[in-house]
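If you read the sequence from its start, that first residue is 1, and numbering goes on from there. Model, not experiment: these values are computed from the prediction.
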Amino acid sequence: FYEQFVYKNLPPLDSLFIKKQYDKGVFKGDFISPKEVVFSEIRVSSRPLIDSLYSSLLGGVSFDFLLKKYNGSLKKPVSLGGGGFLGEAAFSLGVGEFSAPVENLNGSFSLVRVEGFNESVPFVLSRVYSQIERKINKSRLDSVKKNLTISLFDDVLFSLYREVLF
């Protein structure tokens, strides 16, 4: 209870201090968006059909033609390490390359073509401001608890020693 009282009476956080913590974090590699891949996907329900489409691609048929014919679409960007088998397949390709058939968890099959990559960039301060503020506040509260406990313990020990000695 007393530690909450002490914590609540600390001066408020200065936005410049939070900005400094953000700058330090960006320098250390925190607050960075992950690399993402943007890809188009053709999804069908049968293995023979996906194999036929893949053979057609290898034979020179346009991916765009098949994408339109089989109602494929451009997918939302997927982060490195995310997106399951499709994300893994897409990250293994270069821009403009297409994958071999990929079996999805639901039993369907896909071909993907990489449209581009979004490189890792720092998040803007406004996106991570409250996260940094919470981290600092937690650290401040932990510090109050630790130092208050040490201070109270030292006072109690001093009182006990004084009583024993006098």
Side-chain angles (χ1 to χ4, degrees), residues 3-4 7-8 10 12-146:
E3 58 201 28
Q4 285 293 330
Y7 173 74
K8 287 182 183 195
L10 289 175
L13 285 176
D14 181 11
S15 60
L16 289 176
F17 181 70
I18 293 174
K19 170 79 168 88
K20 275 185 174 179
Q21 297 299 55
Y22 168 77
D23 291 339
K24 284 182 189 177
V26 168
F27 181 74
K28 290 188 320 187
D30 300 336
F31 317 127
I32 306 290
S33 69
K35 183 177 182 179
E36 298 175 319
V37 63
V38 180
F39 63 93
S40 296
E41 176 189 17
I42 300 169
R43 184 178 291 232
V44 296
S45 59
S46 78
R47 174 57 117 181
L49 179 55
I50 200 73
D51 289 339
S52 171
L53 296 176
Y54 183 60
S55 294
S56 296
L57 286 171
L58 293 176
V61 173
S62 162
F63 191 92
D64 289 322
F65 172 77
L66 295 176
L67 189 68
K68 187 172 182 176
K69 183 175 180 179
Y70 290 93
N71 297 318
S73 62
L74 182 67
K75 299 298 178 184
K76 289 184 179 179
V78 173
S79 300
L80 183 61
F85 297 130
L86 290 181
E88 195 176 303
F91 270 105
S92 71
L93 302 169
V95 174
E97 294 180 337
F98 57 86
S99 71
V102 176
E103 185 171 0
N104 300 304
L105 292 175
N106 66 0
S108 64
F109 299 89
S110 296
L111 294 170
V112 297
R113 178 183 63 190
V114 172
E115 305 299 337
F117 292 94
N118 298 331
E119 295 301 320
S120 298
V121 293
F123 289 118
V124 293
L125 176 59
S126 61
R127 180 162 180 191
V128 295
Y129 189 93
S130 61
Q131 175 187 349
I132 296 168
E133 192 174 37
R134 280 191 307 272
K135 186 176 180 182
I136 294 169
N137 281 330
K138 183 183 180 326
S139 176
R140 290 171 81 186
L141 180 58
D142 291 346
S143 178
V144 166
K145 287 178 181 179
K146 178 183 175 189

Handout entry: Euclidean distance, L111 CG relative to S40 OG, rounded to 0.5 Å
Key = 11.5 Å

Fill in the blank from the handout: Correct closest heavy-atom pair for G87 and V78 would be CA-CG1, 4.2 Å

Can you give me every donor-acceptor pair (side chain of residues 90-101, partner residue at least two apart or in another chain, under 3.5 Å) with its distance?
| from | atom 1 | to | atom 2 | distance (Å) |
| --- | --- | --- | --- | --- |
| S92 | OG | A89 | O | 2.6 |
| E97 | OE1 | G94 | N | 2.6 |
| S99 | OG | V112 | N | 3.1 |

Handout entry: Sub-4.5 Å side-chain heavy-atom contact between F109 and L53
Key = no

Practice task
List the atom of I132, the atom of F31, and the distance in Å for their closest heavy-atom pair.
Solution key: CG1-CZ, 3.5 Å

Problem - side-chain hydrogen bond (donor to acceptor under 3.5 Å, both in side chains): pairs with one or both residues in residues 55-72, sequence neighbours excluded - result: D64-R113

Practice task
List the atom of E41, the atom of L67, and the distance in Å for their closest heavy-atom pair.
Solution key: O-CD1, 3.5 Å

Handout entry: S120 (side chain) donor-acceptor with K35 (main chain) under 3.5 angstrom
Key = yes

Problem - Test item: S110 and F85 side chains (from C-beta on) under 4.5 Å apart, heavy atoms - result: no

Problem - Considering all heavy atoms, the nearest P77-E36 contact - result: CB-OE1, 3.6 Å

Exercise for the section: Would you confirm whether N104, through its side chain, and N106, through its main-chain N or O, come within 3.5 Å as a donor-acceptor pair? Expected result: no

Fill in the blank from the handout: CD (E88) and CG (L80) are apart, to the nearest 0.5 Å, by 10.5 Å

Handout entry: Exam field: side chain S79 to backbone G82, donor-acceptor pair closer than 3.5 Å
Key = no

Handout entry: Separation of R140 CZ from E133 CD (nearest 0.5 Å)
Key = 9.5 Å

Handout entry: R127 atom CZ: more than 12 heavy-atom contacts under 6.0 Å
Key = no

